[in-house]
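One structure is given below, encoded as structure tokens.
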Amino acid sequence: DLGRRMPRFLSADAFVVLLPAGRSTHVEIGMALVIGKPVVIVAPLSAVDPLLNPVDGRVCSYYSHPGVAVVRSAEEVPSMVTKRLEEVIL
């Protein structure tokens, strides 16, 4: 429930999403962008690309937003979060 997690959400430095994820994840990505939090999406390569909507095969527009970085492995997250935070500070 996002209501219970809201204080932690607001105090976070960045928002990291591991795909595939549930529908509410996109609401949370939008909220993070609205309040200026950098978003890093971990989308591992697989037989079906997790960035694609399984219904219509399109990529969610959030994934190309300038506040969002997409990486393909969890190992890339720390350096990407650091890079995105530096961009926000500058």
Side-chain angles (χ1 to χ4, degrees):
D1 174 58
L2 185 57
R4 279 185 304 125
R5 297 187 322 249
M6 188 58 74
R8 287 180 291 179
F9 183 88
L10 292 173
S11 66
D13 292 326
F15 189 67
V16 178
V17 176
L18 178 60
L19 293 183
R23 286 184 166 189
S24 68
T25 302
H26 293 90
V27 172
E28 294 170 354
I29 291 171
M31 291 171 54
L33 293 171
V34 165
I35 61 176
K37 304 286 182 180
V39 176
V40 176
I41 298 174
V42 183
L45 289 174
S46 64
V48 177
D49 194 326
L51 292 177
L52 298 179
N53 179 328
V55 175
D56 60 15
R58 294 186 301 178
V59 174
C60 175
S61 60
Y62 282 142
Y63 303 156
S64 61
H65 187 280
V68 174
V70 178
V71 298
R72 292 300 186 169
S73 71
E75 290 80 17
E76 298 175 74
V77 171
S79 62
M80 184 56 72
V81 168
T82 299
K83 177 182 176 189
R84 300 305 264 182
L85 289 172
E86 289 171 351
E87 292 171 356
V88 170
I89 292 170
L90 298 175

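The structure displayed is predicted, hence computed values, not measured ones.
- Looking at residues two or more places apart in sequence or on another chain, you find a side chain to side chain contact (heavy atoms under 4.5 Å, CB included) between His65 and Leu33, Val68.
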Enumerate, atom names and distances included, each donor-acceptor pair closer than 3.5 Å involving a side-chain atom of residues 34-42, sequence neighbours excluded.
unit_1	atom_1	unit_2	atom_2	d
Lys37	NZ	Leu10	O	2.9
Lys37	NZ	Ala12	O	2.4

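- Proximity of a side-chain donor or acceptor of Thr25 to a complementary backbone N or O of Ala21 within less than 3.5 Å is not detected.
- For Glu76 and Ser73, the side-chain atoms include at least one donor-acceptor pair closer than 3.5 Å.
- Listed by first and then second residue, the side-chain hydrogen bond (donor to acceptor under 3.5 Å, both in side chains) pairs involving residues 8-19 amount to none (not counting sequence neighbours).
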Between Lys83 and Glu86, is the salt bridge (Lys or Arg N to Asp or Glu O under 4.0 Å) condition met? List the steps. CA-CA 5 Å; Lys83 177 182 176 189; Glu86 289 171 351; over 6 Å; no
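- Listed by first and then second residue, the ring pair (Phe, Tyr, Trp, His ring centres under 6.0 Å) pairs involving residues 13-39 are Phe9-Phe15, His26-Tyr63 (not counting sequence neighbours).
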